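Written below as structure tokens is the structure these notes are about.
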Amino acid sequence: MKEEVIKNIRTTNVKSLILCVLFSMIPNVIAISWLFGALDSAFVSGIFQVLGEPSRFVLIVFALLAVFLDFVMIKLIYLIKNPLASKLFRRYGNIDEVAAIFDEIEATKTYEDKHIIMSENYIVHKKKYQQLVAFDDILSVYKHVQKVKKAVIFYSIVVVDKYNIRFGFEYPLDQEDKVDELIEVIGMKSKNAKVGHTDEASEHIKSNAQKLPPKENNM
């Protein structure tokens, strides 16, 4: 199980890195072109024919976005090389302890679909093991409705743990009823959780959130 956990963390971060590289291409090209005074190049001009003529503010936004995405990529590369640096191990102990949790999940599994696995004590993403949360650590659970131009494209179950870390479990449009049912189940199993995206839940998180344990205690 230890090897499986480490492999899953690496695979998840590789996929995230690929997406980040793709999303960062245009901001990086624009930022570099602006830096070297090459905004009139054919490629950049083609971009702005689609996006519209850039103002200085827009260029600054693209530059900041490029820096942010580059920072994320560096962090992902580090996590791919050093999967034990994942926050998962700061939350639930060393690799042996985390592997034991996954063994427990497999032995006490109560629900499983394409997105979520639930056991007696834990909930975890089916494909992203870093999204592991003990029910007792959940401070809030709610439904997020993702929209693009007012059109709903998917639903998410959002879980907030005691370290104020949010985990999302996405479901397609035709499974809204399942999302509502699972939120109700998670709320009942999570004795410290507030259900719903409310001011009360936000205050509950603010009042009860803790700092992550230091890295040196978990490796």
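Residue numbers count from 1 along this sequence. All values reported here derive from a predicted model rather than from experimental measurement.
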> How close do Glu170 and Ser156 get, heavy atom to heavy atom, and via which atoms?
Replying inline: CG-OG, 3.4 Å
>> Quick check for you: to the nearest 0.5 Å, what is the distance between Ile9 atom CD1 and Ile80 atom CD1?
In response: 12.0 Å
> Going only through I, L, V, M, F, W and Y residues with side-chain contacts under 4.5 Å, is there a path from Val67 to Val72?
Replying inline: no
> Given Asp103 and Glu106, is the side-chain contact (heavy atoms from CB on, under 4.5 Å) satisfied, shown in steps?
Replying inline: CA-CA 5 Å; Asp103 286 335; Glu106 187 62 31; 5.8 Å; no
> Any donor and acceptor pair, going by atom type alone, linking the side chain of Asn8 with main-chain N or O of Glu4 inside 3.5 Å?
Replying inline: no
>> For the CG atom of Asp70 and the SG atom of Cys20, what is their distance to the nearest 0.5 Å?
In response: 8.0 Å
> Does any non-hydrogen side-chain atom of Tyr129 lie less than 4.5 Å from one of Ile105?
Replying inline: no
> In Å and rounded to the nearest 0.5 Å, what is the CG to OG1 distance from Asn121 to Thr108?
Replying inline: 6.0 Å
>> With rounding to the nearest 0.5 angstrom, report the CG to CD1 distance, Asn82 to Ile77.
In response: 12.0 Å
> Counting heavy atoms not belonging to Glu184, are there more than 12 under 6.0 Å from its CD?
Replying inline: no
> Is the number of heavy atoms from other residues, nucleotides or ligands within 6.0 Å of CG (Asp199) greater than 12?
Replying inline: no
> Excluding sequence neighbours, so at least two apart, what forms salt bridge (charged side-chain N to carboxylate O under 4.0 Å, His left out) with Glu112?
Replying inline: Lys109, Lys126
>> If hydrophobic clusters are built by linking Ile, Leu, Val, Met, Phe, Trp and Tyr wherever their side-chain heavy atoms come under 4.5 Å apart, do Leu139 and Ile157 end up in the same one?
In response: no
> Could you state the interatomic distance from CZ (Phe23) to CG (Leu65), rounded to the nearest 0.5 Å?
Replying inline: 10.5 Å
>> If you compare all heavy atoms of Tyr78 against all heavy atoms of Ala85, which two are closest, and at what distance to 0.1 Å?
In response: CE2-CB, 3.6 Å
>> Looking at every non-hydrogen atom in both residues, tell me the closest pair between Leu79 and Ser86 and how far apart they are.
In response: CD2-N, 3.8 Å
> How close do His204 and Asn208 get, heavy atom to heavy atom, and via which atoms?
Replying inline: O-ND2, 2.8 Å
> Do Ile153 and Tyr171 belong together in a cluster built from hydrophobic side chains that touch within less than 4.5 Å?
Replying inline: no
> Can you name the closest pair of heavy atoms from Phe169 and His115 and give their distance?
Replying inline: CD2-O, 4.0 Å
> Just wondering, are more than 12 heavy atoms of other shown residues or ligands nearer than 6.0 Å to NZ in Lys178?
Replying inline: yes
> Is there a side-chain contact between Ile101 and Val124 (heavy atoms, below 4.5 Å)?
Replying inline: no
> Does the side-chain contact (heavy atoms from CB on, under 4.5 Å) test come out yes or no for Thr12 and Lys127, once each step is laid out?
Replying inline: CA-CA 8 Å; Thr12 300; Lys127 298 180 180 178; over 6 Å; no
> Leu173 and Tyr155: which non-hydrogen atoms are nearest, and at how many Å?
Replying inline: O-CE1, 3.6 Å
Just list the side-chain donor-acceptor pairs under 3.5 Å for residues 191-198, sequence neighbours left out, or say none.
from   : atom 1 : to     : atom 2 : distance (Å)
Asn192 : ND2    : Asp136 : O      : 2.8
Lys194 : NZ     : Glu200 : OE2    : 3.3
Thr198 : OG1    : Ala201 : N      : 3.1

> Is there a side-chain contact between Glu176 and Val145, using heavy atoms and a 4.5 Å cut-off?
Replying inline: no
> Ile183 and Tyr142: side-chain contact (heavy atoms from CB on, under 4.5 Å), yes or no, with the steps?
Replying inline: CA-CA 7 Å; Ile183 287 174; Tyr142 61 89; 5.6 Å; no
Taking distance alone, no hydrogens or angles, what donor-acceptor pairs closer than 3.5 Å link side-chain atoms of residues 159-168 to residues at least two apart or in another chain?
from   : atom 1 : to     : atom 2 : distance (Å)
Asp161 : OD1    : Tyr163 : N      : 2.9
Asp161 : OD1    : Asn164 : N      : 3.2
Asp161 : OD1    : Ile165 : N      : 2.9
Lys162 : NZ     : Asp137 : OD1    : 3.4
Asn164 : OD1    : Arg166 : NH1    : 2.9

>> Val5 and side-chain contact (heavy atoms from CB on, under 4.5 Å): which single residue from Lys7, Met1, Lys2, Glu3 fits?
In response: Met1
>> Do Tyr122 and Val158 sit in one hydrophobic cluster, given that two such residues count as connected whenever their side-chain heavy atoms are within less than 4.5 Å of each other, even indirectly?
In response: no
> What do you reckon, is NZ of Lys143 surrounded by more than 12 foreign heavy atoms closer than 6.0 Å?
Replying inline: yes
> Could you give the distance from CG (Leu182) to CG (Asp177), rounded to the nearest 0.5 Å?
Replying inline: 11.0 Å
>> With a 6.0 Å cut-off (strictly less than), is the heavy-atom count around OH of Tyr111, excluding the residue itself, greater than 12?
In response: yes
> With a 4.5 Å limit on heavy-atom distance, are the side chains of Ile116 and Ile123 in contact?
Replying inline: yes
> Is it true that a side-chain atom of Thr110 and a backbone atom of Met118 form a donor plus acceptor pair closer than 3.5 Å?
Replying inline: yes
> Can you check side-chain contact (heavy atoms from CB on, under 4.5 Å) on Arg56 and Trp34, steps first, answer last?
Replying inline: CA-CA 10 Å; Arg56 184 177 181 83; Trp34 184 31; 4.0 Å; yes
> Same cluster or not: are Ile74 and Leu69 linked, directly or through other Ile, Leu, Val, Met, Phe, Trp or Tyr residues, by side-chain heavy atoms under 4.5 angstrom apart?
Replying inline: no
